[in-house]
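Comments concern the structure below.
Bear in mind the structure is a predicted one, so any value in this text is a computation, not a measurement.
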Amino acid sequence: MQPQNQEIYIIIIIGCLIAFLLVGFIVTTLFLYQRRQKKQEEEVRRLKEAFEKESAKSQIEIQENTMAHIAEELHHGIKNDLAGIAWYLNVLGMEQQNKEITETAASLNKITEEIREMAHSLHTGRIAKVGLIEALETEVKKLLRRKDITTAFDCTVHQNFFDAQTTVFIYRMVQELTQNILKHAKASVITIKVFVAPEDIFTIQIQDNGKGFNVEEAKRSKTAGVGLQSIINRTAMIGGKIIFESEISKGTTVWLEIPIPHEQITIKHV
(Lines give C-alpha, C1' and ligand atoms only; values in the text may rest on other atoms or scores of the structure.)
Protein backbone atom coordinates (compact mmCIF):
# COMPACT_ATOMS: atom_id res chain seq x y z
CA MET A 1 0.00 0.00 0.00
CA GLN A 2 1.36 3.37 -0.98
CA PRO A 3 2.22 5.91 1.73
CA GLN A 4 -0.25 8.38 0.23
CA ASN A 5 -3.10 5.88 0.49
CA GLN A 6 -2.11 5.09 4.08
CA GLU A 7 -2.32 8.76 4.95
CA ILE A 8 -5.79 8.96 3.37
CA TYR A 9 -6.97 5.94 5.39
CA ILE A 10 -5.53 7.41 8.58
CA ILE A 11 -7.26 10.73 7.88
CA ILE A 12 -10.56 8.89 7.21
CA ILE A 13 -10.24 6.86 10.43
CA ILE A 14 -9.38 9.96 12.46
CA GLY A 15 -12.30 11.81 10.84
CA CYS A 16 -14.64 8.96 11.68
CA LEU A 17 -13.40 8.93 15.29
CA ILE A 18 -13.84 12.68 15.56
CA ALA A 19 -17.34 12.43 14.03
CA PHE A 20 -18.21 9.58 16.39
CA LEU A 21 -16.93 11.53 19.40
CA LEU A 22 -18.80 14.62 18.22
CA VAL A 23 -22.05 12.68 17.81
CA GLY A 24 -21.51 11.06 21.22
CA PHE A 25 -20.87 14.49 22.73
CA ILE A 26 -24.02 15.92 21.15
CA VAL A 27 -26.15 12.94 22.21
CA THR A 28 -24.77 13.06 25.75
CA THR A 29 -25.32 16.82 25.93
CA LEU A 30 -28.93 16.43 24.72
CA PHE A 31 -29.52 13.62 27.18
CA LEU A 32 -28.14 15.63 30.09
CA TYR A 33 -30.13 18.69 28.97
CA GLN A 34 -33.38 16.73 28.74
CA ARG A 35 -32.75 15.13 32.13
CA ARG A 36 -31.97 18.51 33.68
CA GLN A 37 -35.04 20.02 32.01
CA LYS A 38 -37.21 17.15 33.28
CA LYS A 39 -35.76 17.60 36.76
CA GLN A 40 -36.49 21.33 36.62
CA GLU A 41 -40.06 20.68 35.44
CA GLU A 42 -40.56 18.20 38.30
CA GLU A 43 -39.18 20.76 40.75
CA VAL A 44 -41.47 23.46 39.36
CA ARG A 45 -44.42 21.08 39.60
CA ARG A 46 -43.45 20.12 43.16
CA LEU A 47 -43.12 23.77 44.17
CA LYS A 48 -46.44 24.58 42.51
CA GLU A 49 -48.19 21.73 44.33
CA ALA A 50 -46.58 22.77 47.62
CA PHE A 51 -47.65 26.38 47.04
CA GLU A 52 -51.22 25.36 46.18
CA LYS A 53 -51.33 23.08 49.23
CA GLU A 54 -50.05 25.81 51.55
CA SER A 55 -52.36 28.34 49.92
CA ALA A 56 -55.36 26.03 50.41
CA LYS A 57 -54.26 25.33 53.98
CA SER A 58 -53.93 29.04 54.73
CA GLN A 59 -57.33 29.74 53.20
CA ILE A 60 -58.91 26.97 55.27
CA GLU A 61 -57.23 28.29 58.44
CA ILE A 62 -58.58 31.77 57.72
CA GLN A 63 -62.07 30.32 57.18
CA GLU A 64 -61.87 28.31 60.41
CA ASN A 65 -60.65 31.33 62.39
CA THR A 66 -63.46 33.44 60.94
CA MET A 67 -66.07 30.80 61.79
CA ALA A 68 -64.64 30.43 65.30
CA HIS A 69 -64.96 34.21 65.76
CA ILE A 70 -68.56 34.17 64.49
CA ALA A 71 -69.29 31.23 66.79
CA GLU A 72 -68.00 33.18 69.78
CA GLU A 73 -70.13 36.18 68.84
CA LEU A 74 -73.22 34.01 68.39
CA HIS A 75 -72.70 32.11 71.62
CA HIS A 76 -71.68 34.90 73.97
CA GLY A 77 -73.47 37.79 72.28
CA ILE A 78 -76.68 37.16 70.37
CA LYS A 79 -77.54 33.92 72.19
CA ASN A 80 -77.23 35.50 75.63
CA ASP A 81 -79.20 38.57 74.57
CA LEU A 82 -82.04 36.43 73.21
CA ALA A 83 -81.97 34.23 76.31
CA GLY A 84 -82.36 37.36 78.46
CA ILE A 85 -85.28 38.62 76.39
CA ALA A 86 -86.93 35.18 76.48
CA TRP A 87 -86.57 35.01 80.27
CA TYR A 88 -88.12 38.48 80.68
CA LEU A 89 -91.03 37.64 78.34
CA ASN A 90 -91.60 34.34 80.09
CA VAL A 91 -91.83 36.04 83.48
CA LEU A 92 -94.07 38.76 82.02
CA GLY A 93 -96.31 36.19 80.38
CA MET A 94 -96.78 34.26 83.62
CA GLU A 95 -97.44 37.44 85.61
CA GLN A 96 -100.03 38.71 83.14
CA GLN A 97 -101.24 35.23 82.17
CA ASN A 98 -100.75 36.23 78.54
CA LYS A 99 -100.56 33.19 76.26
CA GLU A 100 -99.10 35.10 73.29
CA ILE A 101 -96.22 36.47 75.35
CA THR A 102 -95.51 33.00 76.77
CA GLU A 103 -95.53 31.47 73.27
CA THR A 104 -93.20 34.21 72.01
CA ALA A 105 -90.82 33.44 74.89
CA ALA A 106 -90.92 29.74 73.94
CA SER A 107 -90.12 30.63 70.31
CA LEU A 108 -87.19 32.74 71.44
CA ASN A 109 -85.94 29.86 73.59
CA LYS A 110 -86.08 27.60 70.53
CA ILE A 111 -84.16 30.15 68.44
CA THR A 112 -81.61 30.49 71.24
CA GLU A 113 -81.06 26.72 71.22
CA GLU A 114 -80.65 26.70 67.44
CA ILE A 115 -78.08 29.51 67.69
CA ARG A 116 -76.23 27.51 70.34
CA GLU A 117 -76.08 24.49 68.03
CA MET A 118 -75.02 26.70 65.13
CA ALA A 119 -72.23 28.19 67.23
CA HIS A 120 -71.04 24.72 68.20
CA SER A 121 -71.03 23.57 64.57
CA LEU A 122 -68.95 26.60 63.57
CA HIS A 123 -66.46 26.42 66.41
CA THR A 124 -63.38 24.46 65.33
CA GLY A 125 -62.15 23.91 68.88
CA ARG A 126 -65.36 22.27 70.03
CA ILE A 127 -65.50 19.96 66.98
CA ALA A 128 -61.97 18.75 67.69
CA LYS A 129 -62.77 18.38 71.40
CA VAL A 130 -65.94 16.28 71.14
CA GLY A 131 -64.55 14.17 68.30
CA LEU A 132 -65.79 13.37 64.82
CA ILE A 133 -68.54 10.87 65.67
CA GLU A 134 -70.30 13.11 68.19
CA ALA A 135 -69.94 16.11 65.88
CA LEU A 136 -71.52 14.13 63.01
CA GLU A 137 -74.35 12.96 65.28
CA THR A 138 -75.07 16.57 66.21
CA GLU A 139 -75.15 17.54 62.54
CA VAL A 140 -77.55 14.69 61.78
CA LYS A 141 -79.87 15.82 64.62
CA LYS A 142 -80.24 19.16 62.83
CA LEU A 143 -81.16 17.35 59.62
CA LEU A 144 -83.69 15.17 61.46
CA ARG A 145 -85.58 18.26 62.62
CA ARG A 146 -86.16 19.41 59.05
CA LYS A 147 -89.63 18.85 57.59
CA ASP A 148 -88.59 19.03 53.94
CA ILE A 149 -86.30 15.97 53.91
CA THR A 150 -86.10 12.53 55.54
CA THR A 151 -82.72 11.65 56.99
CA ALA A 152 -81.41 8.16 57.80
CA PHE A 153 -78.18 7.74 59.77
CA ASP A 154 -76.28 4.48 60.23
CA CYS A 155 -73.00 4.61 62.15
CA THR A 156 -71.10 1.47 63.15
CA VAL A 157 -68.03 3.39 64.31
CA HIS A 158 -67.73 4.44 67.94
CA GLN A 159 -64.10 5.48 68.07
CA ASN A 160 -62.39 8.69 67.01
CA PHE A 161 -59.40 7.76 64.85
CA PHE A 162 -58.09 11.13 63.73
CA ASP A 163 -56.24 14.17 65.02
CA ALA A 164 -57.91 17.56 65.49
CA GLN A 165 -57.15 18.94 62.02
CA THR A 166 -58.29 15.81 60.17
CA THR A 167 -61.43 15.66 62.33
CA VAL A 168 -62.35 19.25 61.44
CA PHE A 169 -61.61 18.67 57.74
CA ILE A 170 -63.85 15.59 57.57
CA TYR A 171 -66.64 17.33 59.48
CA ARG A 172 -66.51 20.40 57.22
CA MET A 173 -66.65 18.21 54.11
CA VAL A 174 -69.72 16.37 55.41
CA GLN A 175 -71.29 19.73 56.24
CA GLU A 176 -70.64 21.04 52.74
CA LEU A 177 -71.90 17.87 51.06
CA THR A 178 -75.14 17.84 53.04
CA GLN A 179 -75.68 21.57 52.51
CA ASN A 180 -75.22 21.07 48.75
CA ILE A 181 -77.94 18.42 48.86
CA LEU A 182 -80.31 20.71 50.75
CA LYS A 183 -79.65 23.66 48.44
CA HIS A 184 -79.37 22.06 45.01
CA ALA A 185 -80.39 18.39 44.86
CA LYS A 186 -84.14 18.77 45.48
CA ALA A 187 -83.97 15.45 47.35
CA SER A 188 -86.60 14.04 49.69
CA VAL A 189 -84.33 11.45 51.32
CA ILE A 190 -80.72 11.60 52.45
CA THR A 191 -78.84 8.60 53.86
CA ILE A 192 -75.55 8.89 55.75
CA LYS A 193 -73.51 5.81 56.63
CA VAL A 194 -70.30 5.77 58.65
CA PHE A 195 -68.27 2.56 58.74
CA VAL A 196 -64.79 1.07 58.48
CA ALA A 197 -64.29 -0.61 55.10
CA PRO A 198 -61.82 -3.46 54.48
CA GLU A 199 -58.14 -2.59 54.85
CA ASP A 200 -59.00 -0.15 57.66
CA ILE A 201 -60.46 2.63 55.54
CA PHE A 202 -62.72 5.01 57.46
CA THR A 203 -65.66 5.62 55.12
CA ILE A 204 -68.57 8.04 55.04
CA GLN A 205 -71.23 7.37 52.41
CA ILE A 206 -73.73 10.11 51.66
CA GLN A 207 -76.59 9.28 49.32
CA ASP A 208 -79.60 11.25 48.13
CA ASN A 209 -82.51 10.66 45.75
CA GLY A 210 -82.29 14.11 44.20
CA LYS A 211 -81.96 15.35 40.64
CA GLY A 212 -78.33 14.28 40.22
CA PHE A 213 -75.69 16.06 38.15
CA ASN A 214 -72.90 15.57 35.63
CA VAL A 215 -69.79 15.22 37.82
CA GLU A 216 -67.19 16.11 35.18
CA GLU A 217 -69.22 19.05 33.96
CA ALA A 218 -69.64 20.30 37.52
CA LYS A 219 -65.87 20.11 38.11
CA ARG A 220 -65.30 22.35 35.09
CA SER A 221 -67.96 24.83 36.18
CA LYS A 222 -66.71 28.14 37.58
CA THR A 223 -69.39 28.07 40.29
CA ALA A 224 -70.18 24.44 41.17
CA GLY A 225 -66.58 23.40 40.44
CA VAL A 226 -65.20 25.60 43.21
CA GLY A 227 -67.16 23.72 45.87
CA LEU A 228 -66.25 20.31 44.48
CA GLN A 229 -62.60 21.27 44.11
CA SER A 230 -62.54 22.55 47.68
CA ILE A 231 -63.80 19.19 48.95
CA ILE A 232 -61.32 17.31 46.72
CA ASN A 233 -58.45 19.50 47.96
CA ARG A 234 -59.38 18.98 51.60
CA THR A 235 -59.55 15.22 51.04
CA ALA A 236 -56.11 15.17 49.40
CA MET A 237 -54.63 17.21 52.24
CA ILE A 238 -55.56 14.51 54.76
CA GLY A 239 -54.44 11.64 52.53
CA GLY A 240 -57.90 10.43 51.58
CA LYS A 241 -59.98 10.23 48.43
CA ILE A 242 -63.51 11.11 47.46
CA ILE A 243 -65.68 9.40 44.86
CA PHE A 244 -68.75 10.96 43.25
CA GLU A 245 -71.35 8.85 41.46
CA SER A 246 -74.35 10.68 40.09
CA GLU A 247 -76.99 10.15 37.45
CA ILE A 248 -79.48 12.72 36.23
CA SER A 249 -82.89 12.25 37.92
CA LYS A 250 -81.56 9.29 39.94
CA GLY A 251 -79.63 10.94 42.73
CA THR A 252 -76.04 11.05 43.91
CA THR A 253 -73.79 8.90 46.08
CA VAL A 254 -70.54 10.19 47.56
CA TRP A 255 -67.88 8.06 49.24
CA LEU A 256 -65.38 9.82 51.47
CA GLU A 257 -62.51 7.44 52.32
CA ILE A 258 -59.64 8.15 54.73
CA PRO A 259 -57.04 5.57 55.80
CA ILE A 260 -56.98 5.07 59.56
CA PRO A 261 -53.57 6.03 61.02
CA HIS A 262 -51.39 3.01 61.77
CA GLU A 263 -51.21 3.66 65.53
CA GLN A 264 -55.03 3.80 65.67
CA ILE A 265 -55.29 0.53 63.74
CA THR A 266 -53.12 -1.10 66.41
CA ILE A 267 -55.35 0.26 69.19
CA LYS A 268 -58.51 -0.82 67.34
CA HIS A 269 -57.33 -4.43 67.03
CA VAL A 270 -56.11 -4.77 70.64
Side-chain angles (χ1 to χ4, degrees), residues 1-65 161-170 172-173 176-177 196-204 213-247 253-269:
M1 182 179 292
Q2 296 181 359
Q4 188 178 5
N5 290 336
Q6 286 181 343
E7 290 177 1
I8 292 172
Y9 286 138
I10 291 171
I11 292 171
I12 292 173
I13 291 170
I14 292 173
C16 288
L17 287 172
I18 292 172
F20 177 77
L21 291 172
L22 183 61
V23 170
F25 174 76
I26 293 171
V27 170
T28 302
T29 301
L30 286 173
F31 173 76
L32 292 174
Y33 172 76
Q34 289 177 343
R35 191 168 73 173
R36 185 166 61 251
Q37 187 179 38
K38 185 177 180 181
K39 188 176 180 180
Q40 288 175 342
E41 289 174 352
E42 289 175 352
E43 182 66 14
V44 169
R45 185 165 57 250
R46 186 188 68 79
L47 291 172
K48 183 181 178 182
E49 289 175 354
F51 172 78
E52 289 176 348
K53 186 175 181 180
E54 285 302 314
S55 178
K57 186 177 179 181
S58 298
Q59 186 178 6
I60 290 168
E61 287 177 353
I62 291 170
Q63 290 173 347
E64 292 297 336
N65 289 336
F161 297 114
F162 306 104
D163 60 25
Q165 185 184 60
T166 304
T167 294
V168 172
F169 273 32
I170 296 171
R172 293 293 182 219
M173 285 187 283
E176 187 160 354
L177 288 167
V196 176
E199 300 182 5
D200 295 298
I201 303 296
F202 180 85
T203 306
I204 299 177
F213 65 100
N214 185 308
V215 177
E216 294 304 318
E217 190 176 292
K219 287 180 181 179
R220 293 192 297 269
S221 170
K222 292 182 179 180
T223 52
V226 174
L228 285 181
Q229 198 57 51
S230 172
I231 295 171
I232 293 169
N233 288 343
R234 283 179 185 251
T235 309
M237 288 174 69
I238 58 176
K241 70 175 182 178
I242 190 162
I243 303 166
F244 293 90
E245 283 190 6
S246 187
E247 190 173 347
T253 303
V254 180
W255 286 270
L256 178 60
E257 301 177 347
I258 306 97
I260 298 172
H262 179 71
E263 61 273 17
Q264 294 295 338
I265 294 173
T266 304
I267 294 170
K268 183 166 73 76
H269 291 307

Rounded distance [0.5 Å steps], [atom1] in [X] versus [atom2] in [Y]:
| X | Y | atom1 | atom2 | value |
| --- | --- | --- | --- | --- |
| I18 | L22 | CD1 | CG | 9.0 Å |
| I231 | F244 | CD1 | CZ | 5.0 Å |
| I204 | L177 | CD1 | CG | 9.0 Å |
| I258 | I242 | CD1 | CD1 | 8.5 Å |
| N233 | M173 | CG | CE | 10.5 Å |

With a 4.5 Å cut-off on side-chain heavy atoms, are [Y] and [X] touching?
| X | Y | answer |
| --- | --- | --- |
| T29 | F31 | no |
| D200 | F161 | no |
| F213 | L228 | yes |

task: Could you list the residues that satisfy side chain to side chain donor-acceptor pair (under 3.5 Å) with T203, not counting sequence neighbours?
output: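 Checked T203 against side chain to side chain donor-acceptor pair (under 3.5 Å); zero matches.
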| message | The criterion is side chain to side chain donor-acceptor pair (under 3.5 Å); which residues satisfy it with N214, sequence neighbours excluded? | response |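 Per chain and number, N214 pairs via side chain to side chain donor-acceptor pair (under 3.5 Å) with no residue.
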Could you list the residues that satisfy side chain to side chain contact (heavy atoms under 4.5 Å, CB included) with [X], not counting sequence neighbours?
| X | result |
| --- | --- |
| T166 | F162, D163, I170, I238 |
| A164 | A128 |
| Y33 | R36, Q37 |
| L30 | I26 |

Could you pull out the closest heavy-atom pair between [X] and [Y], with the gap in Å?
| X | Y | value |
| --- | --- | --- |
| K241 | T235 | N-CG2, 3.1 Å |
| F169 | R234 | CD2-O, 3.8 Å |
| P259 | G239 | CD-O, 3.3 Å |

